[in-house]
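Report on the following structure.
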Amino acid sequence: MFASILYLDEAGFTKNRDVTKRITVSCRQASVLFSAILKAKGIPCRCRAGFMDFGNTGDSYMEHWVNEYWNSKENRWVLADVDGYYEYEPRFGYSQFDLPRQKFVTASKAWLGSRKNTLDKKLDVFSPNLLEGICEYLFMDFHALMNNEIFYSYQPLYLRGGIQGLNESELCELDYLAELLAEPDENMEKIEELYLTDEKIFTLTNNTENIYRDVFKSQ
């Protein structure tokens with residue numbers, strides 16, 4: 001992204017930049033960039049994939065990527081949406097760099113709620129099947145926590161035919177993954193073990209191309 005910005009205008013990051021010399025990014029790219037900047041400054045930060053309440057009413061949540069960064073003084077993960085507009089909406093009464101937790105539904109909470117029929121939020125997903133759409137974000141969130149922020153179209157190879165082809169045992173495996181991701185700090189060792197050892201999880205596909213997640217394994 002930096003290279004593209006400099007290619008279009010050598011002046012780099014300047015105010016009132018010509019709109020024809022800007023790049024267009026998604027929430028995922030904004031989230032990845034924010035994580036990279038904070039990590040470079042020594043501040044723990046991670047991307048999270050889930051569902052955001054943009055209307056501030058709690059009625060509907062849409063697919064979205066956000067960030068959590070560590071506030072060492074307050075000893076907590078702070079929820080931030082760098083792709084949001086809340087900073088310029090005083091009617092909301094909060095900063096986009098410290099959002100209330102109810103603004104965001106994690107993919108793991110959405111998955112478990114849907115499976116147990118206890119989800120009390122309306123989720124808008126691009127997939128025609130709600131559970132399949134949630135599953136896509138479950139894996140994006142999982143890989144993001146492993147510092148491997150996969151693109152929207154990358155999913156485990158075994159899910160290429162759709163979630164409807166899974167048996168109950170395989171759905172329970174996803175329940176287990178969601179339970180781990182629901183409390184990532186407490187379960188990080190188990191999450192990393194799955195990432196390193198479960199070939200079904202780290203063998204990804206983007207259309208017809210298979211991607212093997214060996215970078216993390218070699219570190």
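We number each residue from 1, following the sequence as shown.
Other cluster members for L6: none, since no ILVMFWY side-chain heavy atom sits under 4.5 Å from it. Applying the 4.5 Å side-chain rule to ILVMFWY residues, one finds W77 in the same cluster as W70.
With a 4.5 Å cut-off on side-chain heavy atoms, N147 and K39 count as touching. Side-chain contact between F202 and M146 is absent, with no heavy atoms from C-beta onward closer than 4.5 Å. For the pair E149 and M140, the minimum side-chain heavy-atom distance is 4.5 Å or more.
Neither side chain, D83 nor S31, offers a donor N or O lying under 3.5 Å from an acceptor on the other. Between the side chains of S127 and N129, no donor-acceptor pair of N or O atoms lies under 3.5 Å.
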**Request:** Please step through ring-ring contact (aromatic ring centres under 6.0 Å, His included) for the pair F51 and Y137, ending with a clear verdict.
**Result:** CA-CA 9 Å; F51 304 88; Y137 269 74; 5.5 Å; yes
**Request:** Take K103 and Y94 through the side-chain hydrogen bond (donor to acceptor under 3.5 Å, both in side chains) test and state the conclusion after the steps.
**Result:** CA-CA 11 Å; K103 287 284 292 182; Y94 48 74; 3.1 Å; yes
**Request:** Could you go through the side-chain hydrogen bond (donor to acceptor under 3.5 Å, both in side chains) check for Y69 and S35 one step at a time?
**Result:** CA-CA 8 Å; Y69 67 90; S35 283; over 6 Å; no
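Remark: I191 CD1 to F142 CZ distance equals 7.5 Å, nearest 0.5 Å. Distance check: M52 CE to E63 CD gives 13.0 Å after rounding to the nearest 0.5 Å. Within the model, atoms CE of M62 and CZ of F54 stand 6.5 Å from one another, a figure rounded to the nearest 0.5 Å.
Residue pairs meeting the salt bridge (charged side-chain N to carboxylate O under 4.0 Å, His left out) criterion with at least one partner in residues 127-147, sequence neighbours excluded, are R48-D141. Sorted by first then second residue, the salt bridge (charged side-chain N to carboxylate O under 4.0 Å, His left out) pairs that include residues 177-186, not counting sequence neighbours, are R46-D185.
The environment of E189 atom CD is sparse: at most 12 non-hydrogen atoms of other residues, nucleotides or ligands sit within 6.0 angstrom.
Shown here are the salt bridge (Lys or Arg N to Asp or Glu O under 4.0 Å) partners of D9, two or more places apart in sequence or in another chain: there are none. Residues forming a side-chain hydrogen bond (donor to acceptor under 3.5 Å, both in side chains) with R115 (at least two apart in sequence, or on another chain): E168, D175. Residues passing the side-chain hydrogen bond (donor to acceptor under 3.5 Å, both in side chains) test with N75, sequence neighbours excluded: none. Legend: residues meeting side-chain hydrogen bond (donor to acceptor under 3.5 Å, both in side chains) with R22, ordered by chain and number and at least two apart, are absent. In this structure, the side chain to side chain contact (heavy atoms under 4.5 Å, CB included) partners of S60, at least two apart in sequence or on a different chain, are K122, D124. Take T118 and apply the side-chain hydrogen bond (donor to acceptor under 3.5 Å, both in side chains) test, not counting sequence neighbours, and it matches no residue. Take F13 and apply the ring-ring contact (aromatic ring centres under 6.0 Å, His included) test, not counting sequence neighbours, and it matches F2. Looking at residues two or more places apart in sequence or on another chain, you find a salt bridge (Lys or Arg N to Asp or Glu O under 4.0 Å) between K200 and E173.
Ring geometry for H143 versus F139: interplanar angle of 30 to 60°, hence tilted. In this structure, F34 and F97 have tilted ring planes: the angle between them lies in the 30° to 60° band.
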